[in-house]
Novice: 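Structure incoming, see below.
Chain identifiers are assigned alphabetically (A, B, ...) following the order of the sequence lines, protein sequences preceding nucleic acid strands; residue numbering begins at 1 within each chain.
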Amino acid sequence: MESGMIAVDRWTEGSQLYFLTHLHADHTRGLSSTWARGPIFCSRITAKLFPFRFPDFNLSLLRVVEVGSWHTLSLVSLATGSPAVAEVMAIDAHHCPGSVMFLFRGEFGYLLYTGDFRWEITSEMANIGRSMLLNALNGSKVDVLYLDNTYCNPTYCFPSREVAAQQVIDIITSNPEHDIIIGIDTLGKEDLLLHISHVLKIKIWVWPERLRTMHLLGLPDIFTTKTSLTRIRAVPRYSFSIDTLKGLNAMRPTLGIMPSGLPWVMKPLEGEKSPSCSTFSDTFESRSKWPPNDGNRVDQNMRCVERFHQYIYSVPYSDHSCFPEIKEFVRLVQPLNMKGIVSLSSCYVDPVYYLSHLIRSNQPSHTTYSNLKREDVGKVKVKRESKMANSKA
DNA sequence: GCGATCAGCT
DNA sequence: CACAGCTGATCGC
């Protein structure tokens with residue numbers, strides 16, 4: 001596609017149309033309330049949350065793209081200067097509320113930009129997205145897949161969010177006398193909190209701004225800002241530390257739960273013992289439903305709950321796809337070429353490195369690191385400059 | 001003084 | 001290490 005026409009999650013000057021996959025801060029860096037570079041296309045939920053995040057934003061620049069139907073885009077061809085038409089379809093990305101993938105079609109062919117996404121093969125919602133995607137493609141091939149490669153490495157393997165949510169429930173019910181704090185961000189993991197509330201018939205404390213977000217999302221009235229009403233609190237992840245938990249435990253017995261796809265949560269403090277990480281099943285054997293105790297051996301790579309600290313559990317609840325899910329998605333889409341959208345990670349890999357057998361054309365000249373030998377690509381560590389998960393087309 | 005950007009931290 | 005994001009310092013207007 002010609003450069004300078006369409007930008008996704010990228011906010012530098014020089015594009016005609018801008019697209020926002022979801023409202024997490026690492027995808028909005030460069031966006032501000034004073035934005036005037038052009039229209040921004042996003043999902044209805046993202047549009048709803050937008051003014052809360054960017055209070056004085058000129059809302060006439062927002063364009064809602066409904067999920068599941070083609071939306072016509074008016075562009076100017078950079079090559080000829082004449083009007084050009086393209087279309088876009090938003091498809092639910094199941095990453096956080098409002099998150100979508102964008103499928104573009106035009107004279108440039110088909111481009112699919114996943115944004116951050118979770119592709120839970122067993123989930124009913126993913127099946128809807130699957131048929132939506134296949135119907136939209138109608139047999140055509142995706143020319144370039146821009147892929148959420150956050151966990152694009154075979155070492156990343158974790159259960160569905162449904163299973164991980166049950167692990168959280170098990171921790172809470174196994175510790176009836178404990179207060180529980182759960183680390184979350186400004187957006188995302190609402191389903192986990194709703195599930196806990198529903199199963200345990202208990203309200204969930206959130207901080208005031210987060211309560212506003214819950215209301216904007218139209219979620220059930222199970223959230224509160226009164227600490228006296230519940231022993232379960234969802235707190236900002238940045239406020240979540242071993243020291244915080246120690247402080248809380250000086251008052252009342254309190255356990256912290258970190259829902260995360262990462263195999264580690266935080267660096268153990270100097271002199272701290274124990275991050276040898278006993279697994280949840282070591283501690284709570286028979287009560288735990290995970291790993292399943294059905295006589296079969298659990299995949300050694302499948303992460304389970306880890307006790308990182310006397311007071312802290314890490315639960316593999318992830319809003320990004322794990323490696324087998326990414327693989328399944330690429331197999332479904334069968335792109336001609338693909339590029340990772342996350343370029344900063346200690347284990348950053350070009351998705352082509354592990355998944356080249358699933359794309360239709362895997363000539364080295366098409367890969368991001370065409371100058372490297374294939375064996376070297378997986379070891380590339382990208383420089384800090386491109387932390388933004390983005391792409392320009 | 002304000003917004004934008006960056007350093008540092010979790 | 002950093003899924004995402006806060007705070008505070010600094011730069012430029």
Novice: Closest to the A:H320 side chain: B:dA4, B:dT10, C:dA4?
Specialist: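 Within the option list, the nearest is C:dA4.
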Novice: Atom pairs under 3.5 Å, N or O on each side, protein against nucleotides 10-13 of chain C: can you list them with distances?
Specialist:
none

Novice: Taking only residues two or more places apart in sequence, or in another chain, which ones meet A:R44 in a salt bridge (charged side-chain N to carboxylate O under 4.0 Å, His left out)?
Specialist: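 Salt bridge (charged side-chain N to carboxylate O under 4.0 Å, His left out) list for A:R44, sorted by chain: A:E66.
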Novice: Dot-bracket for DNA chain B, please, read 5' to 3', with Watson-Crick or G-U wobble pairs under 3.5 Å on both distances, ( ) within the strand, [ ] crossing, | other strand, . unpaired.
Specialist: ||||||||||
Novice: By ring-ring contact (aromatic ring centres under 6.0 Å, His included), which residues pair with A:F117, not counting sequence neighbours?
Specialist: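 A:F329.
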Novice: Report the distance from atom OH of A:Y151 to atom CD of A:E325, rounding to the nearest 0.5 Å.
Specialist: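 Those atoms lie 11.5 Å apart.
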Novice: I'd like to know if A:S260 reaches the base of C:dC3 with its side chain, counting only an N/O donor and acceptor under 3.5 Å.
Specialist: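 Such a pair is found, so the answer is yes.
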Novice: Check whether any side-chain heavy atom of A:I180 sits under 4.5 Å from a side-chain heavy atom of A:I257, and report yes or no.
Specialist: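 The answer is yes, as the side chains (C-beta and beyond) meet within the 4.5 Å cut-off.
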Novice: Could I get a table of every N or O pair under 3.5 Å where one atom is in the protein and the other is in nucleotides 5-9 of chain C?
Specialist:
residue: C:dG5; atom: OP1; partner: A:T186; partner atom: OG1; Å: 2.6
residue: C:dG5; atom: OP2; partner: A:A25; partner atom: N; Å: 2.3

Novice: Any salt bridge between A:E209 and A:R212, counting N to O under 4.0 Å?
Specialist: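 Looking at A:E209 and A:R212, the cut-off is not met.
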Novice: Which residues pass the salt bridge (charged side-chain N to carboxylate O under 4.0 Å, His left out) test with A:K189, not counting sequence neighbours?
Specialist: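 A:K189 satisfies salt bridge (charged side-chain N to carboxylate O under 4.0 Å, His left out) with A:D319 only.
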Novice: Pair A:F52, A:L216 - check side-chain contact (heavy atoms from CB on, under 4.5 Å), show working.
Specialist: CA-CA 9 Å; A:F52 185 45; A:L216 285 171; 3.8 Å; yes
